[in-house]
Number of protein chains: 2
Amino acid sequence: MLREQIYSHRLAPGQRLDEAMLAEQLGISRTPLREAIKVLGAEGLVELRPRKGCFVTELTERDLEEIFPIMAVLEGRVACEVAGKRTPQQLKTLDALHEKLERRAAAGDVDGYYETNYVFHDTMQVCAGNRWLQTVIGDLRKHLKLSRHHSLRLEGRLDASLSEHRALMQALHAQDAEAAERIMRDHLLAQLTALRELSNEAARSAHVE
Amino acid sequence: MLREQIYSHRLAPGQRLDEAMLAEQLGISRTPLREAIKVLGAEGLVELRPRKGCFVTELTERDLEEIFPIMAVLEGRVACEVAGKRTPQQLKTLDALHEKLERRAAAGDVDGYYETNYVFHDTMQVCAGNRWLQTVIGDLRKHLKLSRHHSLRLEGRLDASLSEHRALMQALHAQDAEAAERIMRDHLLAQLTALRELSNEAARSAHVE
DNA sequence: CTCCGTTATGGTGTATACAAAATACGCCGC
DNA sequence: GCGGCGTATTTTGTATACACCATAACGGAG
């Protein structure tokens, strides 16, 4: 429940969590709530300052600048693995997902594209067959979800994303591990670039006011 | 306290943690102990099975096979970053640590070498200046510490490790980011290979019995 | 003698009550 | 009027007590 509230920004980043209030609101006592908070603290979704309370983690631009290059390396590794040892069955599944992406994009359904894109990347990780790689990437994604910025909101980014996915599928079909890795890396870094531009746009429009 | 007991193998992998007993032993009540356990559970050091209890995580060989390639990629990235933007000051610090490694190796002090090696890698991560990279690598290291196997125990591995470190320092001095990344990657993968050989030796000697 | 059901025991999960600490507010002094 | 110190209140941190579930052991029936 807490995670949902944090991701939906009903608990805003930086906000302090009042244990008594939250416990009453959720209809439980403080004990299990505190245990939940400790878990979120260990995951990094909230910051626990001893004797001060618990605060929803704020993701700075610096965090994004640091996380995306790591994601790029890790997801690149995923693509590399998948290209190398994909089964025809897996390829079929990925093709189907990619097709879905194409349809969503054609329909201009950004939210649907985002969701399917998530499933696609997740499926890639499963295909790579490295559970720890999945865990590490999942941990980082958890944090990225704290930010409400979506790179797809940048003009033209959706088309670019789609074309990168097309190139990736081609590399997977050709079992070209090196190309797949490079394409996936650049795909992630392109998202960071898009976020930067969105941030710049926001700064400019704020300056105009 | 729990972490220490787990790392020192006083709480063995697979062992179930009896809350009441542990609480008494540590001189605290169950409430804070449970909060601590929840944190360790979120970190993955213990597994929490609802209504079943808490068990110290066991690291299988498959886990090692999965974790090391990830570490290789991540630490490779660290080396790449450091080679690119190291300051003379940082280089001096790293040189000093490497010198210490050389001395420890010459003295045949395996434990000292291990410890200094840890500090060296940690310092590299600080020099890379990416806090998230540090976090992710730290999370994986936490798990590796569950295993009591040390690759340095393999005959000749210490010398090999030292020579890999020498090559790394050379790449850092030359600001050769590509070489540094490759060397660091191979350095980590070599540790995995050493662990495999140790495991094979153990299997062979078990077979003889 | 074996298998199933019931009961008992131990252990996890939750709630409540209390202690300690930090912050905020108010009062007194300068 | 402003600043500092003390007290009070709020909030975190801890302990204890209780409820529920799971497992295991014992007894009875086939």
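So that the names make sense, note that chain A is the first sequence line, chain B the second, and so on, each numbered from 1.
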When you measure from the side chain of [X] to the backbone of [Y], do you find a donor-acceptor pair of N or O atoms at a distance under 3.5 Å?
{"X": "D109(A)", "Y": "R104(A)", "result": "no"}
{"X": "H121(A)", "Y": "T116(A)", "result": "no"}
{"X": "H150(A)", "Y": "D111(A)", "result": "no"}

Residue set satisfying side chain to side chain contact (heavy atoms under 4.5 Å, CB included) with E115(A), at least two apart, ordered chain then number -> none
Checking Y7(B) now: which residues fulfil side chain to side chain contact (heavy atoms under 4.5 Å, CB included) with it, not counting sequence neighbours? R3(B), L45(B), K142(B), K145(B)
Whole-Å distance separating the [atom1] atom of [X] from the [atom2] atom of [N]:
{"X": "R16(A)", "N": "dA24(C)", "atom1": "CZ", "atom2": "P", "value": "10 Å"}
{"X": "K52(B)", "N": "dC20(D)", "atom1": "NZ", "atom2": "C1'", "value": "16 Å"}
{"X": "R51(B)", "N": "dC21(D)", "atom1": "CZ", "atom2": "C1'", "value": "5 Å"}
{"X": "D18(A)", "N": "dT11(D)", "atom1": "CG", "atom2": "P", "value": "5 Å"}
{"X": "L48(A)", "N": "dT12(D)", "atom1": "CG", "atom2": "C1'", "value": "12 Å"}

So which of residues 20-38 of chain B are in contact with DNA chain C, with a heavy-atom cut-off of under 4.0 Å? R30(B), R34(B)
Touch class at under 4.0 angstrom, heavy-atom based, for L17(A) against every strand present: sugar-phosphate
What is the minimum heavy-atom distance between I183(B) and A171(B), and which atoms define it? CD1-CB, 4.1 Å
